[in-house]
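What you see below is based on every heavy atom in this structure, not just the backbone, and it leaves out hydrogens, waters and symmetry mates.
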Amino acid sequence: MAENRPEKKKKVRRFYDYSLLFTVIFLTVFGLVMIYSSSSYSAQLVYGDAAYFMKRQAMIALAGFVGMILISKMDYHWYARFAVLAYIMSYVLMIAVSLFGRKVNGKRRWLAIGPISFQPTEFVKVALIVMLAAVIVQMGRNINRKKGVLTVIGLSLPIAGIVAANNLSSGIIIAGIAFVMLFVSCKKKWPFAVCVLLGIAVWELAGPLATLLENLGILQEYQLSRILVWQNPEAYPSTGGYQVLQGLYAIGSGGLFGRGLGESIQKLGFIPEAQNDMIFSIICEELGLFGAVSVILIFLFMIYRFMLIAENAPDLFGALLVVGVMAHIAIQVILNVAVVTNTIPNTGITLPFISYGGTSVLFLMIEMGMVLSVSNQIRLEK
């Protein structure tokens, strides 16, 4: 007679978004190639090593990649325990950088803690995403009420304003992250449509509004000059419009398939620090319209993976974490491409995973780890 054996418990099969993981790896490696291509000339002149910037970025990207894998294997609910602490630390770090930060181009954006120097604004983005996700989940249906919306605005705008004082582009991104997370959480969509229409109106009337605000003492003179340069860069060819015009020359000379990898002319001292904010113009020059569109399509594929993970997330907290990261990446890509093509005034913003910037790529990897940890909690049904 056969013995009755206890049935083995079926092991839960979980999803892990390898498509997103490989996309992050591809963009990071592509970024290293483009950093080397765009910075080799200036790096050789200044540091005597053509691969100086690429090596620095590669080391930080590798450390960030290891951190991303470790974070992706953690339970994302654990992040909520530190949401309030991280949010408070955001204010502490931003106040510290305003008082003691290292000045770069007249702005205090870098904070040194011992031998480590970083931009606290990148930490603020991650902290705010976690904080808003936790708060919105805790409020539940109350997020649809006026009090709930004002709570999210009250948590977001003050820190966005502090950041914007020294880094306007990051302040815009932080406000944009809150806007998208609130849009996804609320049932009523018409107030958000009104905000978008107002934004378009401000964009159309930017010149007169900027002049008025400068006369009232709200805008600084250099901020007004950026808007005037944006509207007519040809009028400032040797001052504020120089970088914009050189970037446009690079885009225009690339044609359909580009000059070829490493063959850029504009990177030879014409575009200042081409490996940073203006790297997209070098991509256009060397790889042409085909290369530029391909990069944009890869980012669109990344956004699609974010949407897929958010839609299938086990709970609202996980979904909101992914939405926050998605908003960050999407807004930053849009702003960078818009600045390079002179669609909006120059705000000094990097292209995610591709532009040179150790702090940026490190915290982007942390965000990707958070998204992958949400994907890893999705159960697969047979």
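Scanning both residues, Y242 and G269, for their nearest heavy atoms gives OH-O, 4.1 Å. The minimum heavy-atom distance linking L248 with V340 is given by the pair CD2-O, 3.8 Å. Between Q243 and P272 the shortest heavy-atom distance is NE2-O, 3.6 Å. Closest non-hydrogen pair, S72 versus Y16, comes out as OG-OH, 2.8 Å. When every heavy atom of K125 is checked against every heavy atom of S170, the shortest pair comes out as NZ-OG, 3.7 Å. P120 approaches L93 most closely through the heavy-atom pair CB-CB, 3.8 Å.
Note that the CE atom of M326 and the CG atom of L321 stand 12.5 Å from one another [nearest 0.5 Å]. The CZ atom of F363 lies 9.0 Å from the OG1 atom of T121; values are rounded to the nearest 0.5 Å. For the atom pair CD1 of I349 and CD1 of I331, the computed distance is 9.0 Å after rounding to the nearest 0.5 Å. The distance from atom CG of N346 to atom CG of D277, rounded to the nearest 0.5 Å, is 7.0 Å. Between F280 atom CZ and I282 atom CD1 the span is 11.5 Å, to the nearest 0.5 Å. The distance from atom CZ of F353 to atom OG1 of T23, rounded to the nearest 0.5 Å, is 9.5 Å.
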Which donor-acceptor pairs under 3.5 Å do side chains of residues 172-191 form with protein atoms, sequence neighbours excluded?
{"unit_1": "S185", "atom_1": "OG", "unit_2": "M181", "atom_2": "O", "d": "2.7"}
{"unit_1": "K189", "atom_1": "NZ", "unit_2": "F183", "atom_2": "O", "d": "2.4"}
{"unit_1": "K189", "atom_1": "NZ", "unit_2": "C186", "atom_2": "O", "d": "2.6"}

Enumerate donor-acceptor pairs with a distance under 3.5 Å from any side-chain N or O in residues 298-308 to protein atoms, sequence neighbours excluded.
{"unit_1": "R305", "atom_1": "NE", "unit_2": "D17", "atom_2": "OD1", "d": "3.3"}
{"unit_1": "R305", "atom_1": "NE", "unit_2": "D17", "atom_2": "OD2", "d": "3.1"}
{"unit_1": "R305", "atom_1": "NH2", "unit_2": "D17", "atom_2": "OD1", "d": "3.3"}
{"unit_1": "R305", "atom_1": "NH2", "unit_2": "D17", "atom_2": "OD2", "d": "3.2"}

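A salt bridge links K267 with E286; the closest basic N to acidic carboxylate O contact falls under 4.0 Å.
Although no hydrogens or angles enter the test, the distance criterion places no donor-acceptor pair under 3.5 Å between the side chain of Y249 and the main chain of V244. Between the Q246 side chain and the Q266 main chain, no donor and acceptor come within less than 3.5 Å of each other. Panel note: side chain Q332, backbone T350; a donor-acceptor pair is recorded below 3.5 Å. W230 places a side-chain N or O within donor-acceptor distance of the main-chain N or O of T343, the cut-off being under 3.5 Å. Between the side chain of S42 and the backbone N or O of S39, at least one donor-acceptor pair lies under 3.5 Å. A donor-acceptor distance shorter than 3.5 angstrom exists from the side chain of S375 to the backbone of L372, with no hydrogens or angles considered. Between the side chain of E285 and the main chain of I265, a donor-acceptor pair closer than 3.5 Å is present. The backbone N or O of G357 sits nowhere less than 3.5 Å from a side-chain atom of S360 that would complete a donor-acceptor pair. In this structure, the side chain of S156 engages the main chain of V152 through a donor-acceptor pair within 3.5 Å.
Between I25 and V29 there is a side-chain heavy-atom pair separated by less than 4.5 Å. Put simply, the side chain of V325 reaches to within 4.5 Å of the side chain of M368, judged on heavy atoms. Side chains of F123 and M89 form a contact here, defined as non-hydrogen atoms less than 4.5 Å apart. Here the side chains of F30 and V295 are in contact, with some heavy-atom distance below 4.5 Å. Inter-residue side-chain proximity for I366 and M68 is flagged as unmet; no heavy-atom pair is nearer than 4.5 Å. Contact check for L287 versus R259: no side-chain heavy atoms found under the 4.5 Å cut-off. Using a 4.5 Å heavy-atom cutoff, the side chains of S90 and L128 are not in contact. With a 4.5 Å cut-off on side-chain heavy atoms, L245 and F270 do not count as touching.
Each of Q138, K146, M139 was compared with T151 under the side-chain contact (heavy atoms from CB on, under 4.5 Å) criterion, and only M139 meets it.
A donor atom on one side chain and an acceptor atom on the other are found under 3.5 Å apart for Y76 and D315. Checked by atom type, the side-chain pair S40/Y52 shows no donor-acceptor distance below 3.5 Å. There is no side-chain donor-acceptor pair under 3.5 Å between S355 and Q275. At a cut-off of 3.5 Å, with distance as the only test, no side-chain donor of Q377 or D75 sits close to an acceptor on the other residue.
Linking Ile, Leu, Val, Met, Phe, Trp and Tyr residues whenever their side-chain heavy atoms come within less than 4.5 Å leaves F192 and L197 in two separate clusters. A continuous path of Ile, Leu, Val, Met, Phe, Trp and Tyr side chains, each step under 4.5 Å between heavy atoms, connects M370 with L85, placing both in one hydrophobic cluster. No continuous path of ILVMFWY side-chain contacts below 4.5 Å connects I334 to L297, so the two sit in separate hydrophobic clusters.
For F53 and Y47, the distance between ring centers is under 6.0 angstrom.
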Subject >> Evaluation steps, side chain to side chain contact (heavy atoms under 4.5 Å, CB included), between I279 and Y356 >> reply: CA-CA 9 Å; I279 199 167; Y356 175 74; over 6 Å; no
Original post:
So T28 and M365, side chain to side chain contact (heavy atoms under 4.5 Å, CB included) or not? Walk me through it.
Top reply: CA-CA 10 Å; T28 305; M365 290 291 187; 3.4 Å; yes
**OP:** I would like to know whether M54 and V33 meet side chain to side chain contact (heavy atoms under 4.5 Å, CB included); could you show each step before the answer?
**Re:** CA-CA 8 Å; M54 187 198 71; V33 173; over 6 Å; no
Subject >> Trace of the side chain to side chain contact (heavy atoms under 4.5 Å, CB included) decision for E122 with L362 >> reply: CA-CA 9 Å; E122 300 302 326; L362 181 62; over 6 Å; no
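Listed by chain and number, the residues in a side-chain hydrogen bond (donor to acceptor under 3.5 Å, both in side chains) with D49 are K55 (sequence neighbours excluded).
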